[in-house]
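Read the structure below first, then the notes.
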Amino acid sequence: MSDQIKFIVDNLNKEPFRKNYNLITFDSLEPMQLLQVLNDVLAEIDPKQVADVREEMPEQTAKRMLSLLGILKYKPPGNATDMSTFRQGLVIGSKPVIYPVLHWLLQRSSELKKRAYLARFLIKLEVPSEFLQDETVADTNKQYEELMEAFKTLHKECEQLKTSGFSTAEIRRDISAMEEEKDQLIKRVERLKKRVEPVQNHQQMLKIARQLRVEKEREEFLIQQKQEQKNQLFHAVQRLQRVQNQLKNMRHAAADAKPESLLKRLEEEIKFNSYMVTEKFPKELENKKKELHFLQKVVSEPAMGHSDLLELESKINEIGTEINQLIEKKMMRNEPFEGKLSLYRQQASIISRKKEAKAEELQEAKEKLARLEKELSMKTNQTRESGGTEVLKADEFKRFVNKLRGKSTVFKKNHQLIAGLKAEFGVLQRTEELLKQRHEHIQHQLQTAEEKKGVSGYSYTQEELERVSTLKSEVDEMKGRTLDDMSEMVKKLNSLVSEKKSALAPILKELRELRQKCQELTQEYDEKKSQYDSCAAGLESNRSKLEQEVRRLREECNQEESKYHYTNCMIKNLEIQLCRATDEMKAYVSSDQQEKRKAIREQYTKNIAEQENLGKELREKQKAVRESHGPNMKQVKMWRDFEQLMECKKQCFLKQQNQTSIGQDYHWWLVPTQ
């Protein structure tokens with residue numbers, strides 16, 4: 001309350017009130033005088049409130065003040081039941097009611113002046129609906145609303161011009177400079193017209209020059225349009241390449257992928273994109289909007305001087321100290337419920353920070369991947385343009401190398417096999433030739449023998465019969481063997497299936513138990529993991545609290561230690577000074593003259609006496625110099641005149657001597673001619 005009264009008194013003693021109050025006189029004011037002071041402050045904000053409270057009814061005064069305070073949006077402390085107390089206190093001039101009002105008004109006087117001025121034009125008059133049925137009243141009300149909106153726009157423009165930093169003097173200077181330039185341009189145009197008028201067909205030439213200027217402007221516009229279209233084409237080509245690379249990557253990823261993996265990947269991408277769209281990007285957009293609003297506010301404000309910056313720095317330091325004090329108070333309270341809430345808040349903040357960090361890492365990785373893919377597409381385009389083949393990727397190149405190695409081993413084996421088969425083929429070919437020769441020889445002998453016996457062709461017929469019989473026996477044997485093999489295979493398969501079923505039955509039973517156990521273990525693992533995460537977050541928050549407390553205690557310890565060293569140094573200095581003072585007192589009190597001479601007082605008195613004697617001597621010298629200054633200056637002037645006279649005589653003597661030597665030389669030169 002005392003700070004509030006002090007603030008009110010200080011502001012009332014300043015311009016434009018000049019009340020010359022102090023705390024005692026202001027506190028001893030009567031209720032009527034206090035109401036007059038409040039009325040004076042309201043009159044400074046709104047000139048319509050100028051009045052003498054003594055000549056006015058209390059209810060009328062209270063009504064007038066309450067209406068203005070309502071326009072100024074003053075909110076009395078307390079709830080609706082306290083409003084009647086506030087009105088009653090305003091009527092009787094109660095100090096607990098008027099002091100807060102005065103403090104609020106004086107604290108925001110400039111802002112409230114502006115609000116009162118705007119309220120004069122922007123408070124809408126409520127017209128009853130039955131009167132608005134009249135066309136004249138409705139048109140007048142509509143014009144009134146339009147004028148109010150026009151006033152709002154004009155006032156905003158006026159405020160923007162006030163805060164933009166432009167001055168009328170600068171605008172006038174700019175206008176005068178532009179008018180001078182306009183006059184100069186008009187004069188130049190007139191001079192050029194006078195020069196061009198004697199030329200024949202000057203109108204046609206001016207027309208052609210105008211057309212040339214128009215065509216040049218059109219050419220510049222077309223060049224600019226062409227450049228824009230080139231840029232659009234370049235961007236479209238880049239977009240097409242990027243889309244083609246994405247399509248190629250998706251096809252490559254989908255070639256070896258399963259539907260489950262693709263769905264899982266798509267779900268992860270959808271989750272990441274939804275997180276970026278719903279959480280990360282709105283936060284960044286909000287921060288950017290705040291930063292833009294702050295920068296616009298800084299730009300709209302006028303230029304700040306060094307004093308303004310110092311004032312802002314002092315305010316920042318004050319607010320920082322207040323924040324530190326509030327943090328210390330909060331830490332000293334250390335309520336358990338707040339501690340639990342702070343623990344959960346810290347856990348949530350840690351998890352959100354980790355999530356944001358991982359999202360940023362993923363975004364950076366995606367940007368890096370896109371950049372590398374772009375570089376790869378550029379390199380592949382360069383290789384295609386230079387006539388090279390497409391460069392394989394790392395996975396493709398590894399698969400190609402492994403495939404090539406397998407093919408090379410198969411090729412070596414097949415090559416060796418072909419070489420062996422070729423050698424065997426040569427041997428068999430030679431054997432076949434020999435056997436054919438022998439067969440032909442035997443056949444020739446057999447034919448000759450059959451011809452001799454009269455049964456030619458018997459051997460050929462016999463061979464054909466044997467061949468047909470062998471073929472029939474082979475086919476019959478194959479059919480029987482095939483049926484036997486099929487029956488045996490069916491028996492074997494049935495026996496194998498029964499054996500596998502009997503062998504897999506205990507394994508399947510164990511597998512069911514293991515699956516159930518695995519589900520229980522995974523559930524237990526998830527619970528333990530959540531407990532571990534919460535415990536780790538709690539420990540981390542406790543650790544941060546302990547670190548802050550340790551840091552604070554260390555700072556306090558360092559401060560106390562520095563205070564201790566400082567006080568020790570001060571004590572030592574004081575002890576030394578005390579020792580010197582005691583020594584001085586002993587020397588001054590002692591009867592020994594030598595001890596007295598050692599005293600500092602005696603030394604200072606001796607030095608003072610010496611300096612006084614020296615000052616007397618210097619003053620006597622100064623007096624002697626002042627007395628002899630005039631004659632000495634005359635003597636110096638006489639010596640200077642004498643020096644000039646002697647210098648002049650010297651010059652005359654030297655000149656005369658030079659003339660005599662020249663005359664002698666001339667006479668010597670003329671003697672031989674005679």
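Model, not experiment: these values are computed from the prediction.
- Side chains of M65 and Q49 form no contact here, defined as non-hydrogen atoms less than 4.5 Å apart.
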Query raised in the report: For E111 and R115, what are the C-alpha separation, side-chain angles and deciding distance, and is it a salt bridge (charged side-chain N to carboxylate O under 4.0 Å, His left out)?
Result: CA-CA 6 Å; E111 181 186 350; R115 191 175 291 173; 3.0 Å; yes
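- Across all non-hydrogen atoms, the minimal contact from G93 to I98 is CA-CD1, 3.4 Å.
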Report task. Please lay out, stage by stage, how K529 and D533 fare under the test salt bridge (charged side-chain N to carboxylate O under 4.0 Å, His left out). Result -> CA-CA 6 Å; K529 189 173 183 300; D533 291 335; 3.5 Å; yes
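- The minimum heavy-atom distance linking T278 with P282 is given by the pair O-CG, 3.3 Å.
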Report task. Could you please spell out the steps behind the salt bridge (charged side-chain N to carboxylate O under 4.0 Å, His left out) verdict for D40 and K19? Result -> CA-CA 11 Å; D40 293 340; K19 295 292 183 180; 3.0 Å; yes
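- E30 has its side chain within reach of Q33: a pair of non-hydrogen atoms, C-beta onward, lies under 4.5 Å apart.
- Ion pairing between a basic and an acidic side chain is recognised when a charged N comes within 4.0 Å of a carboxylate O; R552 and E556 show such pairing.
- The shortest non-hydrogen separation linking Q4 to P100 is NE2-CA, 3.7 Å.
- The two residues L72 and L112 come nearest to each other via the heavy atoms CD2-O, 3.6 Å.
- Taking a cutoff of 4.0 Å between a charged side-chain nitrogen and a carboxylate oxygen, E217 and R213 qualify as a salt bridge.
- Contact detail for F7 and H103: the closest heavy-atom pair is CD2-CD2, 3.3 Å.
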Query raised in the report: Can E311 and K315 be said to form a side-chain contact (heavy atoms from CB on, under 4.5 Å), step by step?
Result: CA-CA 6 Å; E311 186 178 355; K315 286 183 180 178; 4.0 Å; yes
Requested in this report: Check the pair L292, K289 against side-chain contact (heavy atoms from CB on, under 4.5 Å), reporting the backbone distance first and the verdict last.
Outcome: CA-CA 5 Å; L292 179 63; K289 283 182 180 178; 5.6 Å; no
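- Ring-plane geometry between H155 and F151 is classed as parallel, the angle between the planes falling under 30 degrees on a 0 to 90 degree scale with a further cut at 60.
- Between D52 and R54 a salt bridge is recorded (basic side-chain N to carboxylate O distance below 4.0 Å).
- Residues Q227 and N231 are in side-chain contact: their nearest non-hydrogen atoms beyond the backbone lie under 4.5 Å apart.
- Between Q238 and H235 the shortest side-chain heavy-atom distance falls below 4.5 Å.
- Remark: K207 NZ is loosely packed, at most 12 non-hydrogen atoms of other residues, nucleotides or ligands lying under 6.0 Å away.
- Remark: side-chain polar atoms of N39 are paired, donor with acceptor, to backbone N or O of A51 under 3.5 angstrom.
- Annotation: side chain of K374 is not in contact with side chain of Q241 (no heavy-atom distance under 4.5 Å).
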Requested in this report: Under the salt bridge (charged side-chain N to carboxylate O under 4.0 Å, His left out) rule, what do E149 and K152 come out as? Steps first, then yes or no, please.
Outcome: CA-CA 5 Å; E149 294 295 328; K152 286 180 184 178; 3.6 Å; yes
Report task. List the steps, then state whether side-chain contact (heavy atoms from CB on, under 4.5 Å) holds for V101 with F86. Result -> CA-CA 11 Å; V101 178; F86 176 75; 3.9 Å; yes
Query raised in the report: What's the verdict on side-chain hydrogen bond (donor to acceptor under 3.5 Å, both in side chains) for T25 and N22, showing C-alpha distance, side-chain angles and the deciding distance?
Result: CA-CA 5 Å; T25 56; N22 55 28; 2.6 Å; yes
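- Salt bridge status for K545 with E549: absent, with no side-chain N to carboxylate O gap under 4.0 Å.
- Within the 4.5 Å cutoff, no side-chain heavy atoms of R543 are placed close to those of L539.
- The nearest pair of heavy atoms linking Y21 to V37 is OH-CG2, 3.8 Å.
- Considering only heavy atoms from C-beta on, L105 comes within 4.5 Å of L38 through its side chain.
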Report task. Could you walk me through whether L68 and R64 pass side-chain contact (heavy atoms from CB on, under 4.5 Å), step by step? Result -> CA-CA 6 Å; L68 182 59; R64 178 169 54 81; over 6 Å; no
